[in-house]
Amino acid sequence: TTTIFPGAYKVPEAARYLYVTTRLDLRKPTPRDLIRWMRLGLASQHLINAPGRELLIDFEDLVSMRIISFLHGIGISTDKIRKARNISKD
């Protein structure tokens, strides 16, 4: 799979990148995880309701997904991550 343009990644491509760069002792993220995190508003807000075929992750969202993936891997719940994100936006 190739990127549509530099710095934009389709969900499966982003998931593969996160998968291969995740520590061996942590749970590996899947495309389904990334989509769920986007729909919950943990990435850019425009991704919450974007049609599936239009889901593109930019570099900033990829970094956010990396952080979310790590936090999940060390046992922090999605709810706690969402609460922390909401506090940081204020």
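Keep in mind that what you see is a predicted model, and the values were worked out from it rather than measured.
- For the atom pair CE (Met38) and CG (Leu55), the distance works out to 5.0 Å, reported to the nearest 0.5 Å.
- With sequence neighbours left out, Lys80 forms a side-chain contact (heavy atoms from CB on, under 4.5 Å) with Ile76, Ser77.
- Shortest non-hydrogen contact noted between Pro12 and Pro31 is CA-CG, 4.1 Å.
- Once rounded to the nearest 0.5 Å, the distance linking CD of Glu13 with NZ of Lys10 reads 8.0 Å.
- In this structure, the salt bridge (Lys or Arg N to Asp or Glu O under 4.0 Å) partners of Asp25, at least two apart in sequence or on a different chain, are Arg23.
- Grouping Ile, Leu, Val, Met, Phe, Trp and Tyr by side-chain contacts under 4.5 Å, direct or through others, puts Tyr19 with Val20.
- Screening residues 31-74 for ring-ring contact (aromatic ring centres under 6.0 Å, His included), with sequence neighbours left out, gives Trp37-His72.
- The CG atom of Leu42 sits 7.0 Å away from the OG1 atom of Thr78 when rounded to the nearest 0.5 Å.
- Distance check: Lys83 NZ to Ile81 CD1 gives 12.0 Å after rounding to the nearest 0.5 Å.
- Counted within 6.0 Å of CG on Asn49, heavy atoms from surrounding residues, nucleotides or ligands total 12 or fewer; the atom is thus considered open.
- The CG atom of Leu62 sits 6.5 Å away from the CD1 atom of Ile57 when rounded to the nearest 0.5 Å.
- The structure places CG of Leu26 at 10.5 Å from CG of Leu71, a figure rounded to the nearest 0.5 Å.
- Across Ala15 and Leu34, no two heavy atoms sit closer than the pair N-CD2, 3.7 Å.
- A donor-acceptor pair is defined here as one N or O able to donate and one able to accept, closer than 3.5 Å; such a pair exists between the side chain of Arg66 and the backbone of Leu18.
- A donor-acceptor contact shorter than 3.5 Å links the side chain of Arg39 to the backbone of Leu47.
- With sequence neighbours left out, Arg27 forms a side-chain contact (heavy atoms from CB on, under 4.5 Å) with Asp33.
- Under the 3.5 Å distance criterion, the side-chain polar atoms of Asp61 are matched with a main-chain donor or acceptor of Ser44.
- With sequence neighbours excluded, no residue forms a side-chain hydrogen bond (donor to acceptor under 3.5 Å, both in side chains) with Ser64.
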